[in-house]
Structures are given as C-alpha cells and as structure tokens.
Protein chains: 2
Amino acid sequence: MAETYDVLKLENQLCFPLYACAKEIVRIYRPFLDEIGLTYTQYIAMMVLWEKKQVSVKELGEFLYLDSGTLTPVLKKLEQKGYIKRCRSKEDERVLIVTLTESGEELKKQAVEIPTQMGKCVALDEEEARTLYRLLYKILNA
Amino acid sequence: MAETYDVLKLENQLCFPLYACAKEIVRIYRPFLDEIGLTYTQYIAMMVLWEKKQVSVKELGEFLYLDSGTLTPVLKKLEQKGYIKRCRSKEDERVLIVTLTESGEELKKQAVEIPTQMGKCVALDEEEARTLYRLLYKILNA
DNA sequence: CTTCTATTCATTGTATACAATTAAATTTTG
DNA sequence: CAAAATTTAATTGTATACAATGAATAGAAG
C-alpha cells in the first residue's frame, strides 16, 4: 500500500540518481584528467575551444550552461597554463574573446584518448548509451 | 567522414548532458526549495532522515554519495535550523548520530508537495522517466 | 547629442564537492 | 595487555556553481 510520504523517498526520485550519476562520472574522469592536468570544468571548456578555436565568454557559457561567475576563474586558470588567450573584442569592448593557443591545440592530442577510455568505464552498451543521451537532451531542451 | 577528434566534441559526449542535466534539475528545484528554506543538498539529507529518522554520518554519506567534508557543514546548518540533532553514539564515540527532530518531522508535510510539482517540470512521460531511472542506476551500481 | 536602457564580464558572498590530512576512538595483532 | 592498524568525523585547501551586484561599453530614444 502506497504511503503519502513515499514520494519523498530517495529511491523514488529521478533527480537523485541524476545528481549522483553526474558526480560519479566526474569522479571516474578524474584520474584521466589528472594525467593532462585539467579539472572537469577546465576540460569541457577546452572541448568547446578545440572545436571552435575561438568563442566569447557569453557563447561559452551558453554551450556549457555556466555563467561568468564560474567561467572567469576557470578561464584565468587555463590562460595561466598557456592553453588559451583572453582578449577584449575590438568591435565591442564588452565582449571577451577566448582563443585557443598552439599549446592548447597540442593538448588535444593527449586528450583524444580520454573519451574512449571513459566509455569502457561506463556500464552501458551502445543502445543504452544512445537512449540515455536522448532522454537527457529531451530534458535539457525543454 | 568521421574525424579523429570528433570524439572530443561536446555533442558526442554522454558525460556532458549528464552533468548539465543534473545542474538543470537542481536549478528547477530551487524555487520550490526556497519556499521551505532548504538548499538541494540539505533537502536530500532531510529526505534520508524523513525515511530513517536516525542515521550516522557514515551511513548518510553512503546513501548520498557524499563524504564528511561535505556533510559536516550541511548537517551543522540543519541543526542550526532545528530540523536535526547531532550526537555522538554511546556505543562508539567515533560515530556521530544524526536524529530528526519534531520540527524536522513537521517540515516533511511542507516538502511532500515538491516531488509532484517537480514531475510536472520535467519533460518526460512515465515510461521515459522509468527508462532514465533504470539506466542511471545501472551506471551507479556498476 | 544626451539620457536611458541593455549587454557583457567581473566581483562578492554563500554553498557545495572532494582530496588530503588530522584527531580521537576502536579493533586487531603480536 | 600494548603497539599497530583501522575507522569515523572534522578540518584544511582547492575548485566549482550561482545569485546578486557592480562597472564599462554599446545601443536606443527623444
């Protein structure tokens, strides 16, 4: 017989496995990312730059679902490491343009092994992974 | 034609929608949790206590996938609010026992509406939600 | 042209997360 | 039993996240 408060049980929540799983994935990433000296947030920022070569902070924030409060310190770290450059746009001084450096491009070669190694650590087959992917984006795009 | 570096695109990652989706869900929770004055982490800790009435920090950490470094400040906050009590175990002084108070039990009555309201905010039907749930726990239990 | 508004990023303050270390209590071992 | 190893929380240090605010620039309106 269902109790009134059963909805409040952790096991009946969808939010909780989502929250826990996201942390778990980042935890599995850690040893791989340690090898190239990046944190997870730095890594996903670099992923955008490896693809786009150049983006504004605003665009980067839209891709990553992060705001300048989070991105500013992350980008300053990546600049310190020499992987990116941060320059104000000539056309609009409000805009900060982030550009991939040679060194940042080099890092890509080391990072390319990571997704495959990560894939082996996740207990889903191809079909399940695609389904999960689709459902997550269905929530994200709503 | 697939490029060598395509695996590094954000859109080809499973980890990223997981990470973004978890944050998105917490963001959707915020206005509901604001009404009862809890953060998301405080909320999931209370969910365990609403069910168990009493747990050690270690047990709580196992349920929530969190360590004492995260839980200690969260539990001190909940104690300040009067929803829990923190006492050392008589049998084993190393163990800290967290107990739900009357006030904490009262809070449950206000919280019980939240899961239903959240359900309406997530763009999945029953079947999809069950599938997502199953896949997430498959990863978590691996 | 000038004031008002909007945009973009940085800063501030609060709250997680988690690795690594510390401290205290308990258990195991020789 | 006494020393060593283990267990449990708390603490410390680093890195996110994000709301709210601030500061500078750009655009719109009169």
Side-chain angles (χ1 to χ4, degrees), chain A residues 15-16 18-31 33-34 37-46 55-81 84-98, chain B residues 15-16 18-31 33-34 37-46 55-81 84-98:
Chain A
C15 71
F16 179 71
L18 204 47
Y19 158 87
C21 212
K23 288 195 308 169
E24 199 61 10
I25 295 289
V26 172
R27 195 186 61 74
I28 298 173
Y29 260 109
R30 198 178 307 275
L33 292 178
D34 279 350
L38 293 183
T39 64
Y40 181 74
T41 314
Q42 290 168 5
Y43 173 65
I44 57 175
M46 288 305 294
V55 286
S56 70
V57 171
K58 177 186 162 69
E59 290 167 333
L60 189 58
E62 286 167 354
F63 285 127
L64 300 181
Y65 295 79
L66 292 173
D67 69 3
S68 68
T70 302
L71 286 176
T72 296
V74 168
L75 294 174
K76 283 181 177 174
K77 272 279 162 52
L78 288 174
E79 189 176 39
Q80 275 177 24
K81 293 172 194 275
I84 63 165
K85 278 186 180 169
R86 297 163 67 248
C87 303
R88 290 286 166 176
S89 162
K90 292 275 169 52
E91 296 82 45
D92 186 340
E93 286 281 339
R94 292 171 304 184
V95 176
L96 189 140
I97 303 287
V98 183
Chain B
C15 72
F16 179 70
L18 204 47
Y19 158 87
C21 212
K23 287 195 309 168
E24 199 61 9
I25 294 289
V26 172
R27 194 185 61 74
I28 297 173
Y29 260 109
R30 197 177 308 276
L33 292 177
D34 279 350
L38 293 183
T39 64
Y40 181 74
T41 314
Q42 290 167 5
Y43 173 65
I44 58 175
M46 288 305 293
V55 285
S56 70
V57 170
K58 177 186 162 70
E59 290 167 331
L60 189 58
E62 286 166 355
F63 285 126
L64 300 180
Y65 296 80
L66 292 172
D67 68 4
S68 68
T70 302
L71 287 176
T72 296
V74 168
L75 294 174
K76 284 181 177 174
K77 270 280 163 55
L78 288 174
E79 189 177 40
Q80 275 176 24
K81 293 173 194 275
I84 63 165
K85 278 185 180 168
R86 296 164 67 249
C87 303
R88 291 285 165 178
S89 162
K90 293 275 168 51
E91 296 82 45
D92 186 340
E93 286 282 339
R94 290 171 304 182
V95 175
L96 189 140
I97 304 287
V98 183

Using a cut-off of strictly less than 4.0 Å, decide whether B:Thr41 has a side-chain nitrogen or oxygen near OP1 or OP2 of C:dA15. no
Is there side-chain contact between B:Leu66 and B:Thr41, with heavy atoms separated by less than 4.5 Å? yes
Distance below 4.0 Å between B:Lys23 side-chain N/O and D:dC18 OP1 or OP2: yes
Nucleotide C:dC9, atom C1' - distance to CD of A:Glu91 in whole Å: 17 Å
Taking CG from B:Asp34 and P from C:dA15, how many angstroms apart are they, rounded to a whole number? 12 Å
Are B:Tyr19 and D:dT16 close enough that a side-chain N or O sits under 4.0 Å from OP1 or OP2? no
Regarding A:Thr70, tell me which of base, sugar-phosphate or nothing describes its non-hydrogen contacts under 4.0 Å with the strands shown. base
Select one nucleotide: of C:dA10, D:dA17, C:dT16, the one nearest the side-chain heavy atoms of B:Val74. C:dT16
Under the side chain to side chain contact (heavy atoms under 4.5 Å, CB included) test against B:Leu78, which residue among B:Leu71, B:Val98, B:Thr39, B:Leu38 passes? B:Leu38
From NZ of A:Lys81 across to C1' of D:dT14 the rounded distance in Å is 12 Å
Measuring only between side-chain heavy atoms, which start at C-beta, is B:Phe16 closer than 4.5 Å to A:Tyr65? yes
Write down the distance between CZ (B:Arg88) and C1' (C:dT26), rounded to a whole number of angstrom. 13 Å
Between CG of A:Leu66 and C1' of D:dA19 the distance, given in whole Å, is 14 Å
Heavy-atom closest pair, residues A:Ser68 and A:Pro73: O-CD, 4.2 Å
note: A:Arg86, atom CZ; C:dT8, atom P; distance rounded to Å ~ 17 Å
Is there a donor N/O on one and an acceptor N/O on the other, under 3.5 Å, for the side chain of A:Ser68 and the base of C:dA10? yes
Which of these nucleotides, D:dT16, C:dT16, D:dA10, is closest to any side-chain atom of A:Thr39? D:dT16
Report the distance from atom CZ of A:Arg30 to atom P of D:dT14, rounded to the nearest whole Å. 15 Å
Taking the nucleotide of DNA chain C with the closest heavy atom to each, which residue, B:Glu93 or B:Lys77, is nearer the 5' end? B:Lys77
Lys/Arg-Asp/Glu bridge criterion (N-O < 4.0 Å) met for B:Glu79, B:Lys76: no
Specify the separation, in whole Å, of atom CG of A:Leu60 and atom P of C:dA10. 11 Å
So, OP1 or OP2 of C:dT11: does either fall under 4.0 Å of a side-chain N or O from A:Thr72? no
What's B:Asp67 touching, base or sugar-phosphate or nothing? Going by heavy atoms closer than 4.0 Å. base
From the set D:dT8, C:dT11, C:dT8, return the single nucleotide nearest to any side-chain atom of B:Arg94. D:dT8
Among C:dC9, D:dT8, D:dT11, the nucleotide that comes nearest once only the side chain of B:Lys76 is considered: D:dT11
CG-OG1 distance between A:Leu75 and A:Thr70, expressed to the nearest 0.5 angstrom: 10.5 Å
Residue met sooner reading DNA chain D from 5', once B:Glu59 and B:Arg27 are mapped to nucleotides: B:Glu59
